[in-house]
J.: 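This is the structure I want to talk about, given as structure tokens.
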Amino acid sequence: MLDAVNLDMRRGEVHALVGENGAGKSTLMNIVSGVVRPDAGEIRWDGRPIRLHGPRDAQALGISFVHQELALVPQLSVAENIFLARHPARYGFVKVGEMHTQARRVLGELGCEIDTHRLVSELSLAERQLVEIARSVAFESRVIIMDEPTAPLAEQDTEALFRSIRLLRAQAVSVIYISHRLREVFEISDRVTVLRDGKHVLTRPTSEVTQEELVRAMIGRELKQRLASSPSAGRLQTDEILRICGLISLTLRRGEIVGLAGLAGAGRTELLEWLFGSGGMSTAQVFVDGEPVNLRTPVDAIRNGLALVPDDRKLKGLVLGASVVGNIALVGGHGRFFIQSSQEEEEAERWVGSLRIKVAGLHQPVIYLSGGNQQKVVLAKWLYAGARVFLLDEPTRGIDVGAKAEIYDMIRTLAGNGAAVLMASSEMEELVGLADRIIVMHRGRIAGELARAEATEERIMHLATGAAN
């Protein structure tokens, strides 16, 4: 619900919209894009009051919405997706050559060279993102709303996206940029607006506000620097709990947080999923508590105390239509023959309270929770199952700054209680701040290892790009 929120856009500016999950960002953008009709107030376009009866009205004015879940058709080509439902035609026949020519022109305006004949299913996430934006440009959009556009992207892909946004700005196209990544907000935006609890808190030129002021405006209180304290203090790091020998060789100790760095395609996700029993790397051998184990399936991994928090929680980590208690009890807690409903509810209530998961009730479907609370449910599932080794793949992707800080505290608590954590992240600041040591991957192999004291973003990138070889 929004309460007297004001937002103005200037021609050719990038305007960042930030706030915690539930602050009202999506509601406001759904109003701007014609999906939701406001109960009060007005929308002005070129100084004139207008009324939007649906998304088509917004598109007719030149307002496009690039959603976080991209709305592309994988089986169609790049050109067909860019001009979907608006193919250049004559006498009822699509002018294929002209469609590809126009698609190449639009992509060229964004500074990218994607073969317009390629199927979207063959593209990387970064390329799909650019195709979605190209579709907005082909609509001759004057305002493009981008919702967490870099959430699935690696750092080098983010730079390509930013180049395209700057080209749009130079062409007098306005961009509303929604992101939880404050570093990006300062890098790409001209102005920033903060919403909190459905209310407008501030709108300022980005150059005139600090990150600390922005965080304080978003959460309404000072945020402790969770990444400033030493993660090793008070934790055991002597007993080995997991060891991999083979093409990839690494060791995890109890009470230790090990960061896993690398560019897109380096093999981080593949390594974590292989450890969780997805197959591959048949020549490697795994030891848990010094004993050799065969992790052929996720069931094998779970029996040996391994837990995976995947990079896509909605697709791989949760049953979205199931309840909070159903998801938390998904792995552990079952009786030998019967489901122990009372025990599951008791344990779910315990973890909901312990992890401060905001829910309407234990039987609320998790699809209605915020991203941060969904991630907490995934962690609660493995805590209930008694996991001892946590494989975390981008654990703070797509969650707000307040929930992100809580996830950091949870990771430290896991290690403090004697668990081992192997955490892959594209945010190097996150790795440098949390990890006791960082393993850097390049093209499926370990390129190097850095102790906390020697780990810098520059050294990590040096190894990640293969420059050390």
J.: Looking only at heavy atoms, which two atoms of Val120 and Val73 are closest? And how far apart?
T.: CB-O, 3.8 Å
J.: I want to check something: taking the side chain as every heavy atom from C-beta on, are Arg163 and Glu159 in contact at a cut-off of under 4.5 Å?
T.: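 Sidechains of Glu159 and Arg163: in contact.
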J.: Write down the atom of Leu272, the atom of Leu391, and the distance for their closest heavy-atom approach.
T.: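 Smallest interatomic distance, heavy atoms only, reads O-CD1, 3.6 Å.
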J.: Are any side-chain N or O atoms of Asn327 and backbone N or O atoms of Leu318, one a donor and one an acceptor, separated by less than 3.5 Å?
T.: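 Side chain of Asn327 to backbone of Leu318: no pair is present.
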J.: Closest heavy-atom contact between Val131 and Asn81?
T.: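 Heavy atoms only, the tightest pair is CG1-CB, 4.3 Å.
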J.: Compare every heavy atom of Gly361 with every heavy atom of Val324, then report the nearest pair and how far apart it is.
T.: CG2-O, 4.1 Å
J.: Tell me if the CD atom of Glu140 is crowded by more than 12 foreign heavy atoms within 6.0 Å.
T.: no
J.: Check the pair Ser323 / Gln364 against side chain to side chain donor-acceptor pair (under 3.5 Å), numbers first and verdict last.
T.: CA-CA 5 Å; Ser323 66; Gln364 179 184 14; over 6 Å; no
J.: Do side-chain atoms of Glu213 reach the backbone of Thr210 as a donor and acceptor pair under 3.5 angstrom?
T.: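 The answer is yes, because a donor-acceptor pair under 3.5 Å joins these two groups.
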J.: Hydrogens and angles aside, do Glu132 and His67 bring a side-chain donor and acceptor to less than 3.5 Å of each other?
T.: no
J.: Is any side-chain heavy atom of Ile407 closer than 4.5 Å to one of Leu379?
T.: yes
J.: Examine distances only and state if a side-chain atom of Glu208 and a backbone atom of Pro205 form a donor-acceptor pair shorter than 3.5 Å.
T.: no
J.: Passes side-chain contact (heavy atoms from CB on, under 4.5 Å), Leu463 versus His442? Steps please.
T.: CA-CA 7 Å; Leu463 292 169; His442 175 69; over 6 Å; no
J.: Hey, mind stepping through Arg166 and Glu187 against salt bridge (charged side-chain N to carboxylate O under 4.0 Å, His left out) and telling me if it holds?
T.: CA-CA 11 Å; Arg166 293 185 182 104; Glu187 182 175 348; 3.7 Å; yes
J.: Between Glu457 and Arg183, does at least one N-O distance fall below 4.0 Å, as a salt bridge requires?
T.: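 Answer for the salt bridge query: yes.
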J.: Is Arg437 close to Arg452 at the side-chain level, that is, under 4.5 Å between some pair of heavy atoms?
T.: no
J.: Keeping the roles fixed (side chain from Glu394, backbone from Ser426), state whether a donor-acceptor pair exists under 3.5 Å.
T.: yes
J.: Hey, is Arg51 close enough to Asp57 for a salt bridge, meaning N to O under 4.0 Å?
T.: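 Looking at Asp57 together with Arg51, the answer is no, because their closest N to O distance does not fall below 4.0 Å.
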J.: Only one of Glu430, Glu427, Glu148 passes salt bridge (charged side-chain N to carboxylate O under 4.0 Å, His left out) with Arg181; say which it is.
T.: Glu427
J.: What do you reckon, is CD of Glu346 surrounded by more than 12 foreign heavy atoms closer than 6.0 Å?
T.: no
J.: Hey, are Ser370 and Asn373 close enough side-chain-wise for a donor-acceptor pair under 3.5 Å?
T.: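 Yes - a donor-acceptor pair under 3.5 Å links their side chains.
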J.: For Arg48, does the CZ atom have more than 12 heavy-atom neighbours from other residues, nucleotides or ligands under 6.0 Å away?
T.: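 For Arg48, atom CZ is not crowded (no more than 12 foreign heavy atoms under 6.0 Å).
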J.: Is Arg104 salt-bridged to Glu113, cutoff N-O under 4.0 Å?
T.: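 So Arg104 does not pair with Glu113 through a salt bridge.
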J.: Could you tell me whether a side-chain N or O of Arg350 sits under 3.5 Å from a main-chain N or O of Ser354, the two making a donor and an acceptor?
T.: no
J.: Does this structure show an ion pair linking Arg105 with Glu109, if we count only N-O contacts that are shorter than 4.0 Å?
T.: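 Yes.
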J.: Is the shortest heavy-atom distance from the side chain of Leu308 to the side chain of Phe390 under 4.5 Å?
T.: no
J.: Does the pair Asp311/Lys316 count as a salt bridge with the N-to-O cut at 4.0 Å?
T.: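 Looking at Asp311 and Lys316, the cut-off is met.
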J.: Can you confirm whether Asp46 is buried at CG, in the sense that more than 12 heavy atoms of other residues, nucleotides or ligands lie under 6.0 Å from that atom?
T.: yes
J.: So, using salt bridge (charged side-chain N to carboxylate O under 4.0 Å, His left out) as the criterion, who are the partners of Lys358 when residues are at least two apart?
T.: none
J.: Is any side-chain heavy atom of Leu422 less than 4.5 Å from a side-chain heavy atom of Leu392?
T.: no
J.: Step by step, work out the side-chain contact (heavy atoms from CB on, under 4.5 Å) result for Val173 and Arg142.
T.: CA-CA 5 Å; Val173 177; Arg142 297 170 60 189; over 6 Å; no
J.: Checking Gln375 side chain against Ile399 main chain: does a donor-acceptor pair fall under 3.5 Å?
T.: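 No, the answer is negative, given that no donor and acceptor are paired below the 3.5 Å cut-off.
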J.: Of all heavy-atom pairs between Ile31 and Leu52, which one has the smallest distance, and what is that distance?
T.: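 For Ile31 versus Leu52, the nearest heavy atoms are O-CD1, 3.7 Å.
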J.: Given the rule in the side-chain contact (heavy atoms from CB on, under 4.5 Å) test, do Phe65 and Val32 qualify, once you have shown the distances and angles that lead to the verdict?
T.: CA-CA 9 Å; Phe65 201 149; Val32 172; over 6 Å; no
J.: Will you find, in the side chains of Thr150 and Glu184, an N or O donor that is under 3.5 Å from an N or O acceptor?
T.: yes
J.: I'd like to know if Arg268 pairs up with Glu270 as an ion pair, taking the criterion as any Lys NZ or Arg NE/NH1/NH2 lying under 4.0 Å from an Asp or Glu carboxylate oxygen.
T.: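 Glu270 and Arg268: not salt-bridged.
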J.: Would you mind reporting whether Ser136 and Ser141 have side-chain heavy atoms less than 4.5 Å apart?
T.: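 Yes - at least one pair of side-chain heavy atoms lies under 4.5 Å apart.
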J.: Indicate yes or no for a side-chain donor-acceptor contact from Asp3 to the backbone of Lys199 under 3.5 Å, with no hydrogens or angles considered.
T.: no
J.: Walk me through whether Ile145 and Ser64 qualify under side-chain contact (heavy atoms from CB on, under 4.5 Å).
T.: CA-CA 6 Å; Ile145 303 165; Ser64 295; over 6 Å; no
J.: In a check of side chain to side chain contact (heavy atoms under 4.5 Å, CB included) between Ile438 and each of Leu260, Ile460, Val258, which one passes?
T.: Ile460
J.: Taking Lys376 for its side chain and Val352 for its backbone only, find out whether a donor-acceptor pair lies under 3.5 Å.
T.: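 Side chain of Lys376 to backbone of Val352: no pair is present.
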J.: Using every non-hydrogen atom in the two residues, find where Pro149 and Ile178 come nearest and quote the distance to one decimal.
T.: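 Answer, listing the atom of Pro149 first, then Ile178: CD-O, 3.6 Å.
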J.: With side chains defined as the heavy atoms from C-beta onward, is the minimum distance between Gln129 and Val66 less than 4.5 Å?
T.: yes
J.: Quick one: side chains of residues 6-19, donor-acceptor pairs under 3.5 Å with protein atoms, not counting sequence neighbours, listed by atom name and distance.
T.:
from  : atom 1 : to     : atom 2 : distance (Å)
Asp8  : OD2    : Arg191 : NH1    : 3.4
Asp8  : OD2    : Arg191 : NH2    : 2.9
Glu13 : OE1    : Arg191 : NE     : 3.0
Glu13 : OE2    : Arg10  : N      : 3.1
Glu13 : OE2    : His15  : ND1    : 3.2
Glu13 : OE2    : Arg191 : NH2    : 2.8
His15 : ND1    : Asp8   : O      : 3.4
His15 : NE2    : Thr193 : OG1    : 2.6

J.: With a 4.5 Å heavy-atom cut-off, do Arg196 and Met218 have their side chains touching?
T.: no
